[in-house]
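Report on the structure given below.
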Amino acid sequence: MKHTLAALIPVLLLVGSLSAWQTEAADEVAKPATEQEALTAFNDLIGGWRGIGQPQRGSARGAWKETADWAWSFDDKRPALVIRIEDGKQLTSGRLTYDLKSATYRLHGEYADQTRRDFTGRLQDKKLTLLSEPDDHGVRHRVSIWSPNSKRLVVLLERSLSEDSYFLLAEIGYTRAGTRLAVEGGDGPECVVTGGKGTSTVQYMGKTYYVCCTGCRQAFEDDPPAILAAYQKKLTDRKATLEK
């Protein structure tokens with residue numbers, strides 16, 4: 001079994017870069033080398049989503065409509081995914097980062113009631129689960145995010161009843177706005193900054209390249225030679241992995 005696992009390491013590394021979600025097994029084999037690499041696990045979420053929020057699962061009572069947009073951000077040269085939500089009754093925005101030292105994801109969330117909360121968590125079994133620190137009353141909040149398929153996204157917002165018990169504040173089920181875009185490594189264009197789905201073009205030295213969001217467009221325009229050099233290295237490494 002050990003020999004088999006060792007032989008699979010190159011394949012798992014490749015899958016980790018191509019998949020929308022990292023599996024627990026792949027994470028055990030190779031932890032992300034950079035913050036950006038860790039966040040590419042969510043590349044398929046980049047773009048717009050139409051959502052229905054429900055305080056009670058399966059019930060239309062108190063339900064609402066909202067929209068969400070996920071995009072890359074490189075403010076202060078640190079990669080992050082930013083989430084902007086319109087008409088949300090719970091979360092209205094979020095900033096997702098990755099901490100290499102603790103190997104955890106961090107989410108700074110802002111709510112409709114002006115509350116701000118910081119969450120920490122890990123990606124396991126294709127689900128990102130993030131937990132806040134206890135407030136002055138010992139209450140903790142939990143955010144769970146997962147994508148059943150390329151067109152669906154689910155976000156659960158919960159609050160603790162006890163140390164190991166939580167009750168549902170809201171479940172938001174999202175459907176991707178528009179049609180499905182090409183997946184990384186498929187027939188469609190690839191973002192030269194993050195490797196996500198290329199949805200718009202940028203120009204440099206008479207050539208056209210693709211980016212996936214406004215954050216990646218800004219990163220490219222700030223330093224095209226560095227971005228293209230890193231992208232070329234990524235392509236070279238990918239080819240070497242496939243040839244092994």
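- Looking at F220 and V192, their side chains come closer than 4.5 Å, going by heavy atoms from C-beta outward.
- A donor and an acceptor atom, one from each side chain of S200 and R217, are located under 3.5 Å apart.
- Side-chain contact check for L130 versus Y105: some heavy-atom pair is nearer than 4.5 Å.
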V155/V143 under side-chain contact (heavy atoms from CB on, under 4.5 Å): CA gap, chis, key distance, verdict: CA-CA 7 Å; V155 176; V143 177; 4.2 Å; yes
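- Expressed to the nearest 0.5 Å, how far CH2 of W64 lies from NZ of K89 amounts to 7.0 Å.
- Residues forming a side-chain hydrogen bond (donor to acceptor under 3.5 Å, both in side chains) with Q218 (at least two apart in sequence, or on another chain): D222.
- Note that R117 lies in the cation-pi zone of Y111, set by a 6.0 Å cut-off to the ring centre and a 45° limit from the axis.
- The shortest side-chain heavy-atom distance between E133 and F119 does not fall under the 4.5 Å cut-off.
- Atoms CZ and CG, on R106 and D99 in that order, are 4.5 Å from each other to the nearest 0.5 Å.
- A centroid separation of 6.0 Å or more is found between the aromatic rings of Y98 and F42.
- Formation of a donor-acceptor pair under 3.5 Å by the S132 side chain with backbone atoms of H141 is found in this model.
- Panel note: side chain T92, backbone I85; no donor-acceptor pair is recorded below 3.5 Å.
- Taking both residues in full, the closest heavy atoms of L128 and L123 are given as N-CD1, 3.6 Å, listed atom of the first, atom of the second, then distance.
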Derivation of the side-chain contact (heavy atoms from CB on, under 4.5 Å) call for L169 and E158: CA-CA 5 Å; L169 293 172; E158 301 169 289; 5.6 Å; no
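- Between V154 and I145, every side-chain heavy-atom pair lies at or beyond the 4.5 Å cut-off.
- Hydrophobic clustering of Ile, Leu, Val, Met, Phe, Trp and Tyr side chains at less than 4.5 Å, counting indirect connections, unites M205 with I227.
- Checking side-chain atoms of K197 against main-chain N and O of D44 turns up a donor-acceptor pair under 3.5 Å.
- Using a 4.5 Å cut-off on side-chain heavy atoms (C-beta onward), L81 and I46 make contact.
- Cation-pi geometry between K126 and W146 is not met at under 6.0 angstrom from the ring centre and within 45 degrees of the axis.
- The closest side-chain heavy-atom distance from Q90 to D113 is not below 4.5 Å.
- A continuous path of Ile, Leu, Val, Met, Phe, Trp and Tyr side chains, each step under 4.5 Å between heavy atoms, connects L100 with L39, placing both in one hydrophobic cluster.
- In this structure, the separation between CD on E171 and OG on S144 is 10.5 Å, given to the nearest 0.5 Å.
- At a threshold of 4.5 Å between side-chain heavy atoms, the hydrophobic network of Ile, Leu, Val, Met, Phe, Trp and Tyr places Y166 and L107 in two separate groups.
- No donor-acceptor pair closer than 3.5 Å links the side chain of D125 to the backbone N or O of K127.
- Checking side-chain atoms of R159 against main-chain N and O of F167 turns up no donor-acceptor pair under 3.5 Å.
- Salt-bridge annotation for K65 and D87: absent, with no side-chain N of the basic residue lying under 4.0 Å from a carboxylate O of the acidic one.
- A side-chain donor-acceptor contact under 3.5 Å links Y174 and E66.
- Within 6.0 Å of CZ in R84 there are 12 or fewer heavy atoms belonging to other residues, nucleotides or ligands.
- When only modelled atom types and interatomic distance are considered, T40 and N43 share no side-chain donor-acceptor pair under 3.5 Å.
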Steps toward side-chain contact (heavy atoms from CB on, under 4.5 Å) verdict (R95, D75): CA-CA 11 Å; R95 184 178 181 86; D75 292 346; 3.9 Å; yes
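- Counting heavy-atom neighbours within 6.0 Å of E86 CD, excluding the residue itself, gives a total of 12 or less.
- At distances below 3.5 Å, at least one donor-acceptor pair connects side-chain atoms of Q36 with backbone N or O atoms of V193.
- Proximity of a side-chain donor or acceptor of Q232 to a complementary backbone N or O of L228 within less than 3.5 Å is not detected.
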Side-chain atoms of residues 208-215: list all donor-acceptor pairs with protein atoms under 3.5 Å, sequence neighbours left out, distances to 0.1 Å.
{"from": "T208", "atom 1": "OG1", "to": "Q203", "atom 2": "OE1", "distance (Å)": "3.0"}
{"from": "T208", "atom 1": "OG1", "to": "Q203", "atom 2": "NE2", "distance (Å)": "2.9"}

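- With values rounded to the nearest 0.5 angstrom, T194 atom OG1 is found 6.0 Å from F74 atom CZ.
- Between E110 atom CD and R116 atom CZ the span is 4.5 Å, to the nearest 0.5 Å.
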Intermediate values then yes/no, side-chain contact (heavy atoms from CB on, under 4.5 Å), L153 and L45: CA-CA 8 Å; L153 172 65; L45 301 188; 3.9 Å; yes
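- A donor and an acceptor atom, one from each side chain of R142 and S160, are nowhere located under 3.5 Å apart.
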